[in-house]
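The block underneath contains the structure these notes are about, expressed in structure tokens.
Both counts, for ligands and for their atoms, begin at 1 and track the order of listing. We're numbering straight along the sequence, starting at 1.
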Amino acid sequence: MTATEPGKARMTRMAPDDPHATGLRLADPTLLRDRCLIGGAWTGVPRLSVRDPASGVAIGAVPDLGAVEAQAAVEAARSAFPAWSGLTAETRAAVLRRWQQAISTHKADLAQILTREQGKPLAEALAEVEYAASFVGFYAEEGRRLYGETIPAPRADARILVLRQPVGVAAAITPWNFPAAMVTRKVAPAMAVGCAVVLKPAPETPLTALALAALAERAGVPPGVFNVVTGDAGAIGRVLTEHPAVRTVSFTGSTEVGKLLMRQAASTVKKLALELGGNAPFIVFDDADLEAAADGCLESKFRNAGQTCVCANRIYVHEPVYAPFLARLLARTAALKVGRGLEPGVQIGPLISEAAVAKVERHIADAVAKGAQVRLGGGRHALGGRFFSPTVLSDMTADMAISREETFGPVAAVYRVRDEADALAQANATPYGLAAYVYARDLGRVVRMAEGLETGMVGVNAAKLGADVAPFGGVKQSGLGREGSRHGLEEFTELKYVLLGGLAS
Ligand code: ADP
């Protein structure tokens, strides 16, 4: 994620004369919500405008809530927890399956809302909504497999049972780059095992989250089981990390904010799942299929305009194939179409904020000052605003800011590496450890790299890692815990050891 000051709100207050014309053409306009959901009641006064990053136009507004409402949401979740966790897993699964179905049925509307508030191309938004629905479907099933254990006891008259139980109230704090999938990847496993949830979505993209909550309500999620609070991130975050009733916090966002939440959560010793920033190495060796490597690099680097935490940030190319790989990457990058996400054929939308554009400019200027070559792009796009030209930099070196920080923009930074040892040393020379990519055919090399890379995920001759069935997450300062797969249930459950004694006849 991009770095911002913790708690800094990026929304502007809505002037009374702001245009409310959203320009959204939804088949179901009731999905566009301007209230929060607390204890089954849609509540709050819409005061904070949500703007289309492509135009700056307000497309909606949401309430500016704070500590009091966050506490009310936690209380609502606490009250809803006993009945929800007391249902059979199959009954909860049925509700989740209906939610999945509702998301699929309304995917065109959800994608439109998502593109308008986030900026990504509509095709990517649609793919994200389907990805979001897949987590709901997966966890509907996985919640029915919350297996415990029996362990042979050290005494003949005793038995040991290990139960896996829901933690209670779960808090979820989500980012703007995947406004739908980051919500369901946390909320679905939590609800599947019986937790009640309080969600604080990103200020830039609350409308997708509220639309998902509206669909969950329609699917039969009981009042208080899924609450959504928008507003003052710092104040809401403090309640979610310090309220004793909240037993786990699942956060996706910047490393800075993750560390702050970790410190705050220490006061009440909560479970914590953190999916933080990355600085992914993308390594291409001389035995790789260069066409496949260039395709994968393009996809990894430029999806969501480079605003994903797993996107290739440092592209390390083995010297013998440096020139031919660079040529292929340049040709593909030059063909990318930049524009508004709703325009057909667009592949790169605007960046999320002016601060994001400024960071990309700073990274390019720093690299150029230290000897990098701008091979393509290098500045703002002719469309103006937050549109940025897809950029390729070559001759990158380790002393440049891009080598240390996540760029979070459409900049492909290409480095030379001498051999495997050099590639591994450079790739691991970062405090981050989320994703890495290796393109090579030699099996020994692939295994050496996959085992040696200090990351939670490695794509080998593959550039798209996210899947409902796979454990997504990082090591080092990229985070704690895993999301997706059966491992994604762990943050929302606790083990309980039960010793059954006195069993002698
Ligand atoms: P980015 O810089 O990419 O927006 P952030 O880490 O700032 O990443 O944001 C991710 C999420 O964390 C958003 O929902 C944001 O509102 C929230 N957030 C930011 N500051 C705080 C805070 N102090 N406490 C709780 N949540 C916060």
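- In the vicinity of Trp176, heavy-atom distances shorter than 4.0 Å reach the ligand 1 atoms 1 (P), 3 (O), 4 (O).
- Contacts between Leu260 and ligand 1, counted as non-hydrogen atom pairs separated by less than 4.0 Å, involve the side chain only.
- The contact set between ligand 1 and Gly253, taken as ligand atoms under 4.0 Å from a residue heavy atom, comprises 6 (O), 10 (C).
- For Tyr415 and Ser403, the side-chain atoms include at least one donor-acceptor pair closer than 3.5 Å.
- Residue Ala233 holds the heavy atom nearest to atom 26 (N) of ligand 1 of all those in Gly231, Ala233, Ser254.
- Residue-environment remark: NZ (Lys464) stays at or below the threshold of 12 foreign heavy atoms within 6.0 Å.
- Only side-chain heavy atoms of Leu261 come within less than 4.0 Å of ligand 1; its backbone N, CA, C and O stay farther off.
- Heavy-atom proximity to atom 11 (C) of ligand 1, evaluated over Asn177, Leu240, Thr174, is greatest for Thr174.
- Look at Phe408 and you'll find every heavy atom at least 4.0 Å from all atoms of ligand 1.
- Heavy atoms of Pro201 come nearer than 4.0 angstrom to ligand 1 in at least one pair.
- Side chains of His243 and Gln71: a donor-acceptor N/O pair is absent below 3.5 angstrom, by distance only.
- Atoms of ligand 1 found under 4.0 Å from any heavy atom of Gly237 (numbered from 1 in listed order, with element): 24 (N), 25 (C).
- Counting only heavy atoms from C-beta outward, the side chains of Thr252 and Glu483 approach each other to under 4.5 Å.
- Partners of Arg98 under the salt bridge (charged side-chain N to carboxylate O under 4.0 Å, His left out) rule, at least two apart in sequence or in another chain, do not exist in this structure.
- Taken to the nearest 0.5 Å, the CD atom of Glu406 stands 7.5 Å off from the OG1 atom of Thr255.
- Counting heavy atoms from C-beta on, the side chains of Leu31 and Leu215 come closer than 4.5 Å.
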